[in-house]
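In each ligand, atom 1 is the first atom listed, and ligand 1 is the first ligand listed.
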Amino acid sequence: MAIQVPIKVFRYRPGTAPHFERYQVTVPDDATVIDVIEGVWAEHDRNFMFRHACHHASCGTCAVRLNGYERLPCIVPVTEALAGRQELVVEPLRNFPLVGDLVVDVAGFFQKQAASGLVITRAAEATLSGQPFAHSELFSQAGALEERAYNRFENCIECGICISACPTMAATDKFWGPAALAGIRRATLTTGDCQEKAALLALADSEQGVWRCHSAFECTESCPQDVDPGGAIMSLRREIVGRKVKHLFGAG
Ligand code: SF4
């Protein structure tokens, strides 16, 4: 059965004032919110900007703020999103530069992920050389950028939702951010190399690392993949402090 869905969407172009516009979109009653967003483009305005790709929470591309919360609209049923509401409200992610409408610039996010050591390699995602990515390469200026592109977190889909939800990211874009720190934590647990682990912990202990976190746990609350970045940050803190205490005792 087809239903009419009222939707209020954020509209923006550089040089113009950000504002909301309202539309009605016709979708099947088992549609998801991404279908409604696509309907705005298909039925009303072919200049409407939004991002999408997989339609099944695998790529993270379509992440937006839906009714005030960070969500992947491809997995939110319209009926659930509309329950008790007059209309859907869709906005771009926060804490990213705006490009237009629902599209934000994620380049800085990906660069930070790579710079922090996007080192979690799925067994099925071998590098071009066919070998797992060596953690030590992270600290080499000549690091194989081409190979890094084949590496990603095992669970993290790099949707940027945790960045949008993070109150520290709202204050400074210098912070490594929840996703990168979760990646660093995972790497410290998987590397068997003590020097690499020490280097990763030093990165986490740096000025823009774990101590910048306000422990709000909004990242963990909003992450659609249960990566638990907040837990990873707390875990890194415990290990960093534990090592320092141990070093003090050893030095004494
Ligand atoms: S940690 Fe979770 S919320 Fe953050 S980018 Fe990865 S999947 Fe998205």
Side-chain angles (χ1 to χ4, degrees), residues 32-34 37 50-76 90-97 99 102-122 124-125 133 138 148-190 200 203-204 208-210 212-237:
T32 61
V33 174
I34 194 67
I37 292 171
F50 65 103
R51 296 175 71 228
H52 67 112
C54 75
H55 285 215
H56 56 252
S58 178
C59 71
T61 306
C62 66
V64 290
R65 282 172 53 82
L66 169 63
N67 301 338
Y69 296 95
E70 284 76 12
R71 303 292 298 271
L72 292 179
C74 63
I75 52 169
V76 181
V90 180
E91 302 165 85
L93 293 181
R94 298 181 296 195
N95 305 331
F96 289 91
V99 176
L102 301 182
V103 177
V104 295
D105 184 353
V106 292
F109 170 60
F110 287 127
Q111 283 161 7
K112 202 177 289 181
Q113 300 285 92
S116 69
L118 194 59
V119 292
I120 310 304
T121 311
R122 286 173 171 159
E125 291 181 354
F133 191 65
L138 297 171
R148 286 183 192 187
Y150 284 78
N151 288 268
R152 56 181 299 158
F153 298 123
E154 192 166 337
N155 293 326
C156 176
I157 56 174
E158 298 137 23
C159 62
I161 276 178
C162 58
I163 305 301
S164 177
C166 173
T168 306
M169 291 299 312
T172 172
D173 63 0
K174 303 263 187 311
F175 178 44
W176 278 111
L181 290 169
I184 289 172
R185 183 48 171 163
R186 186 69 183 271
T188 65
L189 297 173
T190 53
L200 287 162
L203 203 57
Q208 303 300 337
V210 293
R212 279 269 176 157
C213 170
H214 296 173
S215 312
F217 282 88
E218 297 289 344
C219 53
T220 293
E221 188 69 27
S222 60
C223 175
Q225 292 294 105
D226 293 331
V227 170
D228 186 14
I233 291 170
M234 296 309 123
S235 178
L236 279 167
R237 284 181 175 179

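In this structure, Gly160 has a heavy atom closer than 4.0 Å to ligand 1.
Residue Pro229 approaches ligand 1 through these ligand atoms, each under 4.0 Å from one of its heavy atoms: 1 (S).
Across all their heavy atoms, Cys219 and Gly230 have their closest contact at SG-N, 3.3 Å. Minimum interatomic distance between Leu236 and Leu181 (heavy atoms only, all atoms of both residues): CD1-O, 3.5 Å.
Contacts of Arg237 classified as salt bridge (charged side-chain N to carboxylate O under 4.0 Å, His left out), with partners at least two apart in sequence or in another chain: none. Scored by the side-chain contact (heavy atoms from CB on, under 4.5 Å) test, Thr168 finds Cys166, Thr172, Phe175, Arg212, His214 as partners (sequence neighbours excluded).
Looking only at atom types and distance, the side chain of Glu70 has a donor-acceptor partner in the side chain of Ser164 under 3.5 Å away.
With atom 6 (Fe) of ligand 1 as the reference point, the heavy atom nearest to it among Cys156, Ala63, Ser222 is part of Cys156. The heavy atom nearest to atom 8 (Fe) of ligand 1, considering only Cys223, Gly60, Cys159, is found in Cys159.
Metal site remark for atom 8 (Fe) of ligand 1: Cys162 contributes no N, O or S atom at a distance under 2.8 Å.
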